[in-house]
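A quick write-up on the structure given underneath.
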Amino acid sequence: MNPERYLPRSLPPAMKGLTDLALDLRWNWNHCADALWKSVDPERWEATEDPWLILESISRKRLEALAADSTFLNELHRQLANRQAYLRQSSWFDKSHDEAELGTVAYFSMEFGLSDALPIYSGGLGVLAGDFLKTASDLGIPLVGIGLLYQQGYFHQALDTNGDQLAFFPYNNPTMLPVLPLQGSDGEWLRVSVELPGRTLWLRGWQAQVGRVSLYLLDSNDLLNAPGDRGITGELYGGGIEMRLQQEIVLGIGGWRLLEALNISPLVCHLNEGHAAFVILERARRFMEQTDRTFSISLLGTRAGNIFTTHTPVAAGFDRFPRKIMTQYFSDYAHHHLGISMDELLSLGHDHGSDDSNFFNMAYLALRGCGRVNGVSRLHGEVCRRIFLPLFSRWPKHEIPIGHITNGVHMPSWDSAAADALWTEHCGKGSWLSTLETIEQVWRRVDDDKLWSMRNQARQPLVKAVRRRLVRQHAACGVTKEGLMQCLQVLDPNVLTIGFARRFAGYKRPTLLLADPDRLTRLLIDAQRPVQLIIAGKAHPQDEEGKRMVREWNDYLRRPEVRERAVFLEDYDMGLAAELVQGVDLWLNTPRRPWEASGTSGMKVLVNGGLNLSELDGWWAEAYDPEVGWSLGDGQEHDHDSAWDAVEAEELYMLLEEEVVPAFYTRDEKGIPTAWMARMRQSLARLTPMFSCNRMAREYTEDYYIPAAAAYQRREAGNASLSATMKQWEVSLANHWHKIRFGQFSVQESLVRNLFQAEVHLGKLEPAAVQVELYAEALSHNSNPVRVTMDRGEMLAGSDNGYLYHATVPKGRPSRDYTPRVIPYHLEASVPLEANFIIWWE
Ligand SMILES: *Cc1c(COP(=O)(O)O)cnc(C)c1O
């Protein structure tokens, strides 16, 4: 659709292109066009930093003045040329891969945090998805995003005069958002539908642009829908369980239908969390139509092209829907579209071993419908293998088929002007557009005084921004003029600045630092070595504990002696997050291990030279080393043990008092804190490449997407003939596995090697359908278990389908460490993910 048709008034011809600039979310966060937008409307720019809003509200008079302003027009043309150069330049993906290898990747997510101008996110999951789209654009990865356009974004937080949280839900007027309606081939608004019980739900399609990447959004606010249904996409994570189910149907089933309506046939679907798992069913349904195969063959065929990333550290965090509601919504779909019974559909979301069959678990559906599954940090990968262990009982934990790709952040979205300047000086423009190999070496050579001066410069705008926010915050509470003047005194740009901003949820322990308020006060107001603290965070409106913790901070902050040293800023969002991570010296993170699956906010300080002090959880468990920052906790899990919380609070105070503060204030003759600079250098050099979304996106592309696309194509080729033979294999395993039986198992030891022999009776199974192995546990946490394939030897005398399997193993570990086992085998199958059978010699 021509975007200008969508504006209240047409732009003068001289300003052609300004609309594209305003609508490209990559362009409007990238700051290079800030001055341009500010010159259009300084006041609105200060208040919103939202180019589209400025364009929507500009007067005709102002437009005409700008059209005649050659400075403005020159800047506009410069920005348009920049954007064209970015869109056209050859990318990492073009240089290292072939477009045909991958086709298109469809990335499904319930939320996308791209900009506060498009408020369709609540927190870390959404910001990750947003950073990922920006990175995919930078790297040229052929990917589209699929999500929902909510009439209300996540709530805005304000504080009342008591310091209690208030929640406001502003209405997202779609015409005020940087999105355009999608147009169908007939010029009409592109719409798709999904079936709900007894009715059809119409969904409207929207598009947001993120550089080279398109994000497609759906909403149900269509006049053809019943009033209640128009509100299905009303609120992110709003409503009850039934509305959540409806939203997930819209995302998964509606999302796939929208792609089809757009003529996009992705080879790979990436599910960012289990919310989108219904796409598995719809994708298989379309595959059935195209190949005329059964649902189970189609599920097997499409599975290879689906990827599931789980972000949840506890089983209780998965979305589950009661069987009754599922049946209401899906029985027609199961019978008429999938050709299966409702019980068969439900079994895809059950844990067969437990009595929990009253619920349909979206993570289980995702696990059964995806060919690759991963957690979001090394530690989280381990935690996931533990969570899903019950689904793979009898398999060693090590072999639970869940890997990990550690999250990262889109560095250019989070760097300060001062950091950007220093990065550009030393690494050149575009340092985040390729493979980051040189970054480490570069930072090792940068002078201490340059690093220190970047830090000092970055603190100034933060202090200004905090004061400005505080004035606005207090003015809304009716604070007197004198009170507002006091706001202009808070913080000092030369003082060690600590940031703590995150969701106020119990497991994040946002009040750990308040364990001993007087001790905290002493730390803050020390005359020689003061500390200042900026706190922010929302509690979920229904989370009483979280809201109490917001209040607890605000009660503490009323103490007159800390007023100038510590503040609570309301309404934590991406804009505030950016200000904080750019300016603070230290980022604090205190979750209860292992509840922080990854965490990303601490990664955002890295590019700005900020340091981390964090619990050894999520990403920090793999990033931490004494040379790069500070760690809290003992790397063990202690549940909700309040005695242990007290131990960690004590450790936190000690670290701050005895390590952090002295490192910051011990200066050399030039006034430089050399110990602090040493850590800052290590953190910049080693951690920025590792925890950038650039590294993460390349890993997803090379380790997951490309192999998944290839595997899917093999299963789809020739009318899915491979899928059909794999299905036969699977069925014969299911029918005959229980007949497999071990006979004698023996070892012949010699001086240098041991010969193991095992008799295995395969019953009705083809020998090629299985593999017989010797298995030995890993010797230590850092090593891998040993797996040795046994060769099939002669048929056992008098047996029907029994063989003597043998393997020779060099001497070393005692022979009793090895146990033989039988597992399924197929060259194209992922075992045990797709064939969950195992039998051990006992
Ligand atoms: C980065 C970010 C998050 C994620 O923070 P973690 O606490 O590390 O999970 C949440 N909210 C906003 C607004 C962010 O910018």
Side-chain angles (χ1 to χ4, degrees), residues 29 49 109-135 153-157 236-237 272-273 311-313 317 375-377 379-380 406-416 469 499-510 512 534-540 546 549 569-584 586-608 610 612-623 629 632 687 691-693 696:
W29 55 256
E49 295 201 9
S109 181
M110 199 73 164
E111 40 173 317
F112 285 91
L114 286 152
S115 156
D116 291 320
L118 186 57
I120 53 169
Y121 73 96
S122 79
L125 182 75
V127 176
L128 177 81
D131 274 16
F132 187 51
L133 295 194
K134 293 171 185 174
T135 310
Y154 200 57
F155 79 96
H156 285 276
Q157 176 198 51
L236 172 56
Y237 303 136
N272 187 40
E273 194 49 292
H311 296 257
T312 314
V376 290
S377 68
L379 179 62
H380 182 236
T406 303
N407 285 343
V409 296
H410 183 252
M411 296 291 176
S413 288
W414 302 104
D415 61 357
S416 66
R469 282 179 181 269
F500 181 94
R502 50 195 18 88
R503 212 148 42 78
F504 270 49
Y507 79 86
K508 300 247 189 192
R509 294 188 296 189
L512 196 66
I534 308 171
I535 311 283
K538 299 175 180 176
H540 189 281
M549 293 189 294
L569 296 178
E570 62 189 19
D571 207 20
Y572 179 46
D573 62 6
M574 289 179 69
L576 176 53
E579 287 170 9
L580 291 174
V581 299
Q582 291 171 10
V584 300
L586 186 78
W587 194 253
L588 201 62
N589 190 20
T590 54
R592 270 194 197 105
R593 178 171 158 135
W595 282 61
E596 184 99 306
S598 164
T600 52
S601 57
M603 300 174 187
K604 298 169 191 162
V605 305
L606 299 173
V607 68
N608 296 298
N612 281 276
L613 187 174
S614 169
E615 178 76 24
L616 282 173
D617 194 11
W619 77 284
W620 195 239
E622 74 199 69
L632 195 59
L687 303 188
F691 298 99
S692 66
C693 197
M696 167 185 131

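As the structure lists them, so they are numbered: ligands from 1, and atoms in each ligand from 1. Hydrogens, waters and symmetry mates play no part in the numbers below; they use all other heavy atoms, side chains included.
No donor-acceptor distance shorter than 3.5 angstrom exists from the side chain of Glu596 to the backbone of Asp617, with no hydrogens or angles considered. No donor-acceptor pair under 3.5 Å is formed between the side chain of Ser109 and the backbone N or O of Phe112.
Of all the atoms in ligand 1, the ones that sit under 4.0 Å from a non-hydrogen atom of Trp414 are 15 (O). Taking every heavy atom of Met574 and a limit of under 4.0 angstrom, the matching atoms of ligand 1 come to 13 (C). Ligand 1 places these atoms under 4.0 Å from at least one heavy atom of Ala577: 15 (O). Close approach to Gly599 involves these atoms of ligand 1, each under 4.0 Å from a residue heavy atom: 8 (O), 9 (O).
For ligand 1, the polar-atom distance check finds no N/O of Glu596 at less than 3.5 Å from any of the ligand's N/O atoms. Checked against a 3.5 angstrom limit, the closest N/O atoms of Thr600 and ligand 1 fall inside it. In terms of N/O distances under 3.5 Å, ligand 1 is approached by Lys508. Of the polar atoms of Ser601, at least one N or O is found under 3.5 Å from an N or O of ligand 1, judged by distance alone.
Phe500 places none of its side-chain heavy atoms less than 4.5 Å from the side chain of Leu580. In this structure the side chain of Leu128 reaches within 4.5 angstrom of the side chain of Asn272, judged on heavy atoms.
In terms of protein heavy-atom proximity, atom 11 (N) of ligand 1 is closest to Tyr572 CE2, 3.6 Å. Nearest protein heavy-atom contact of atom 13 (C) of ligand 1 is Asp573 C, 3.4 Å. Atom 10 (C) of ligand 1 has as its closest protein heavy atom Gly124 N, 3.5 Å. Scanning all protein heavy atoms for the shortest distance to atom 1 (C) of ligand 1 gives Lys604 NZ, 1.3 Å.
With rounding to the nearest 0.5 Å, the separation of CG in Leu114 from CG in Asp131 is 8.5 Å.
Listed by chain and residue number, Leu125, His275, Phe308, Thr310, His311, Thr312 satisfy the side-chain contact (heavy atoms from CB on, under 4.5 Å) test with Glu273 (two or more places apart in sequence, or in another chain).
For Lys538 and Phe155, the positive end sits near the middle of the six-membered ring, less than 6.0 Å away and at most 45° from its axis.
Glu622 and Ser377 share no side-chain donor-acceptor pair at under 3.5 Å.
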